[in-house]
Amino acid sequence: VNITTLSIGDELLYGETVDSNAAQLGERLYLAGFKVQRHFTVGDNEQDIMEAIEILTERSDVVIVTGGLGPTIDDITARAAAKITSRRLILNDEALTHLQQFSEKLGKELHPANEKQALLPAKSTVIPNPLGTACGFALTHKGRFLFFLPGVPREMVRMLDDTVIPFILPRRKQKTVILTKVLKVFGLEEAAVGALLQEVALPDAGITTAFCVAYPEILIKFRAEGTNGAELTEALDKTWAAAKQLLRGYVFAEDGETMDSTVAALFRATGMTLALAESCTGGMVAARITDIPGSSAYFLEGVVTYSNSAKERTLLVPATLLAEKGAVSAEVAKAMAREMRRRTGSDIALAITGIAGPDGGTPGKPVGTLFLALADSAGCQTKRYTFHGNRSEIRLMTSFTAMDWLRRRLSSIQGEMTVQ
Ligand code: ATP
């Protein structure tokens, strides 16, 4: 089945909205065993929409269009679809009933402008939208299937999964199996990861490896494609396990996991508790920790001691130490972590102090200089880092590094527990 996709919306062309629908369509169809052959993006212009549909229809069995089904005057997809397929726009009873029922459910009266959303090309099949007002619709044109879905990403994805993919699945000529597995790596350069993985004996079973840098993480995607599912699974698992072994220590998550969910799972598994004292990250680490539901079981407290006086008052960092070593120093980070642990009674306390820039650097401590300290029953360790990039990159890198340190520490605590 040849599939092409079309995104409609001026905002996509002007860079106001990232065309995430194209990515979602590509990924979901790929995982369902289809490859999108082409993708077009056009603005809210009837002529352009019609031309794009015409070109894509000529080259594919299935065209999936998103966007422009709303109630406003720039939403002209249904009209363009009617014109290109030489049909009339007619009030579709099913779509109108959906509109009325959806408004009722929200406790709202249906705005007359919304009724326009029930005007669909004649002989369309309605694609239900459980999450929004705009129904989608499907048509056949020149023996091809055209699907029209709303632009709102979560509505589009739901309708793709519920209706479009189930419809096209049985029409595949060759049943291709596509399997993917992901490793997420932190703390190694991309080139180093690539060099290490060259050692993995990739079986010839159609396994490909793709690298994707989602700063500051590196995602390694292993893909297996073929017709024998059992063989592919075995080959993929083997390759993946070999890669994981080579990159051990640097792999912080697999498949759908994230750094934050991994750290959360480790806190739950070890029963450790945490307190945080942050300066230049302004609570970013606390935000990552509390982003995970259930974090109250292990996260006791976080403070943002941004000024020197806050460090003195809240964390009892001596004024003399601040004057002598500077607020950005290993000694101050250590004092912050120790006091945070003492005053909260947490098992682990982590402290961060640094210079995120763009000002405040000195030759000895340039912008991007960070000190992290981790206090636990084994003592208090500090680490110095020099990160590059702009302020937000430095802050992001710092919060990620702090999470990674927690991950490493908790993993080793977990290891010790297992041995005992
Ligand atoms: P609605 O009924 O909500 O108006 P619609 O089909 O008219 O649905 P649009 O008006 O085109 O959709 O877009 C609705 C929202 O979805 C907008 O915020 C738009 O920026 C976003 N959107 C549209 N197309 C895409 C896309 N390709 N990728 C990501 N977001 C998109």
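Whatever order the structure lists them in is the order used to number ligands and atoms, beginning at 1. Positions are given from 1 along the sequence.
Residue contacts with ligand 1, taken as heavy atom pairs separated by less than 4.0 Å, involve Asn21 via backbone and side-chain atoms alike. Contacts between Ala22 and ligand 1 below 4.0 angstrom, taking non-hydrogen atoms only, are absent altogether.
In this structure, Pro153 is part of the shell of residues with a heavy atom less than 4.0 angstrom from ligand 1. Judged by the shortest distance from any of its heavy atoms, Ser20 lies inside the 4.0 Å radius around the atoms of ligand 1. In this structure, Val18 has a heavy atom closer than 4.0 Å to ligand 1.
Here ring-ring contact (aromatic ring centres under 6.0 Å, His included) pairs that include residues 162-192, with residues two or more places apart or in two chains, are Phe145-Phe167, Phe147-Phe167, Phe186-Phe400.
Interface atoms of ligand 1 facing Gln117, defined by a heavy-atom separation under 4.0 Å, are 2 (O). Near Gly67, the atoms of ligand 1 lying under 4.0 angstrom from a non-hydrogen atom of the residue are 6 (O), 11 (O). The ligand atoms of ligand 1 that sit less than 4.0 angstrom from a heavy atom of Ala134 are 2 (O). Close contacts between ligand 1 and Asp19 involve ligand atoms 26 (C), 27 (N), 28 (N) [criterion: under 4.0 Å to a heavy atom].
Ring geometry for His98 versus Phe102: interplanar angle of 30 to 60°, hence tilted.
Note: an N/O pair closer than 3.5 Å links Asp75 and ligand 1 by distance alone.
You'll find the side chain of Thr66 stays beyond 4.5 Å of the side chain of Leu6, heavy atoms only.
For Arg341 and Thr344, the side-chain atoms include no donor-acceptor pair closer than 3.5 Å.
A cation-pi arrangement, defined by a distance under 6.0 Å to the six-membered ring centre and an angle within 45 degrees of its axis, is present between Arg408 and Tyr250.
Scanning Gly9, Gly68, Gly151, Ser7 for the heavy atom closest to atom 11 (O) of ligand 1 points to Gly68. Comparing Glu11, Gln24, His39 by heavy-atom distance to atom 19 (C) of ligand 1, the nearest is Glu11.
Of the possible polar contacts, none joining the Asn2 side chain to the Asp61 backbone as a donor-acceptor pair under 3.5 Å is found.
A salt bridge does not link Asp291 with Arg288: every distance from a Lys NZ or Arg NE/NH1/NH2 to an Asp or Glu carboxylate oxygen is 4.0 Å or more. Ion pairing of Glu301 with Arg343 is present here, as a side-chain N (NZ or NE/NH1/NH2) and a carboxylate O approach within less than 4.0 Å.
Nearest non-hydrogen protein atom to atom 1 (P) of ligand 1 is Gly70 CA, 3.8 Å. In terms of protein heavy-atom proximity, atom 15 (C) of ligand 1 is nearest to Val152 CG2, 3.9 Å.
Protein heavy atoms are found inside the 4.0 Å sphere centred on atom 4 (O) of ligand 1.
Atom CZ of Arg384 has more than 12 neighbouring heavy atoms from other residues, nucleotides or ligands inside a 6.0 Å radius.
Each of Asp19, Thr41, Thr17 was evaluated against Ser7; a single residue qualifies, Asp19, per the side-chain hydrogen bond (donor to acceptor under 3.5 Å, both in side chains) test.
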